[in-house]
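Data block below; observations after.
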Amino acid sequence: FYVPETKPVFEFHKCIFEGSLKETFGNGFDRAKLKEGYKYFYELPPEDFYISILGHSAYHFAHGGGVGIRHVIDVYLYKKTYKFDDEYLERELEKCGLTKFRKQFEKLADYLFADGEGDEFTEKLADYVLDSSVLGNEDKKQASDIVSNNSDSKIKSAKLKTLLKLIFPPFKTMKGYYPILKTLPILLPFCYVARLFAVIIKRPQSIKKIRKITNATNVEINEVKEIRDKLGLENL
């Protein structure tokens, strides 16, 4: 993007990556380099920017309801436009656990836009993406949360954990809702009380989410689990 030298303006998402993505890729800006001839124009090398595209999409699959078709278009167009240093790209993707994701997403992109061959999973992933908005499928979001909380293969206990996290999020999430906790973590119990009242006040929205969690079927949960597993999202 162009940034006027007289009045620099920046747009940067510093909380996109978590887990192995954050450990390897940092906040994304660490690898940006000042463009020659500019004071405020930073850019990533094509390989690192491609990793950020894949990582952003993977993050939405691992922590949300997936992604819509725009993300697949980004992968297709960027891969078509740039010639990568594949050795470097593979090495970095391996570090942050995106090797499987890249393979499946590039296969999906070729299947949708370049008459590429697809298998049964590719078709299932295509249906999922085409049925989603830009930031994913809200109807599948709760099923995805249940899968994230399913460590013992017991759906009922996973649903209970998901409900509890909805009402009483972990401390890291609570700091985002209540910034005062960054300096006064001792206030966490009081913030949980405030959070409970917030859930009650926003009852229609909260009840809708609770119903989606409790009513999620084994078929929906297993479908989301299969997609997450084959995309290699276990450690994201």
Within a strict 4.5 Å, meaning less than it, do heavy atoms of the [X] and [Y] side chains meet?
| X | Y | value |
| --- | --- | --- |
| K100 | L233 | no |
| F105 | Y76 | no |
| P170 | T173 | yes |
| L184 | L187 | yes |
| L125 | L231 | yes |
| E123 | Y111 | yes |
| L112 | I69 | yes |

Tell me if a side-chain donor or acceptor on [X] pairs with a main-chain N or O of [Y] at a distance below 3.5 Å.
| X | Y | value |
| --- | --- | --- |
| R195 | L166 | yes |
| K159 | T214 | yes |
| D48 | L44 | no |
| Y178 | Y192 | no |

Do [X] and [Y] belong together in a cluster built from hydrophobic side chains that touch within less than 4.5 Å?
| X | Y | answer |
| --- | --- | --- |
| L196 | F171 | yes |
| L164 | Y177 | no |
| L160 | I167 | no |
| V219 | I227 | no |

Subject >> K230 to Q104 - nearest heavy-atom pair and separation >> reply: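 Looks like O-CG, 3.5 Å.
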Original post:
At their closest point, which heavy atom of V75 faces which heavy atom of A109, and how far apart are they?
Top reply: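 Result for this residue pair: CG1-CB, 4.4 Å.
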Original post:
Are D86 and R102 ion-paired here, with the side-chain N under 4.0 Å from a carboxylate O?
Top reply: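 Looking at R102 together with D86, the answer is yes, because their closest N to O distance falls below 4.0 Å.
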**OP:** Could you tell me whether K95 and E92 make a salt bridge, using a distance below 4.0 angstrom between a side-chain N and a carboxylate O?
**Re:**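 Salt bridge: yes.
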Is it the case that over 12 heavy atoms from other parts of the model lie below 6.0 angstrom from the [atom1] atom of [X]?
| X | atom1 | answer |
| --- | --- | --- |
| Y88 | OH | yes |
| F49 | CZ | no |
| I180 | CD1 | no |

**OP:** Return the orientation label for the Y50 and F84 ring planes: parallel under 30°, perpendicular over 60°, tilted otherwise.
**Re:**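 Because their plane-to-plane angle is under 30°, the rings of Y50 and F84 count as parallel.
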**OP:** Hey, can you tell me if Y82 and Y78 have their rings parallel, tilted or perpendicular (30° and 60° cut-offs)?
**Re:**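 Taking Y78 first and then Y82, their aromatic rings sit tilted (interplane angle of 30° to 60°).
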In Å, rounded to the nearest 0.5 Å, how long is the span from [atom1] of [X] to [atom2] of [Y]?
| X | Y | atom1 | atom2 | result |
| --- | --- | --- | --- | --- |
| F41 | L34 | CZ | CG | 10.0 Å |
| L181 | C191 | CG | SG | 4.0 Å |
| L89 | E87 | CG | CD | 11.0 Å |

Subject >> Residues which pass salt bridge (Lys or Arg N to Asp or Glu O under 4.0 Å) with K107, listed by chain and number, not counting sequence neighbours >> reply: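 Residues passing salt bridge (Lys or Arg N to Asp or Glu O under 4.0 Å) with K107: D119.
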Original post:
Can you list the residues that meet the salt bridge (Lys or Arg N to Asp or Glu O under 4.0 Å) rule with K124, with sequence neighbours excluded?
Top reply: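 Only E226 meet the salt bridge (Lys or Arg N to Asp or Glu O under 4.0 Å) criterion with K124.
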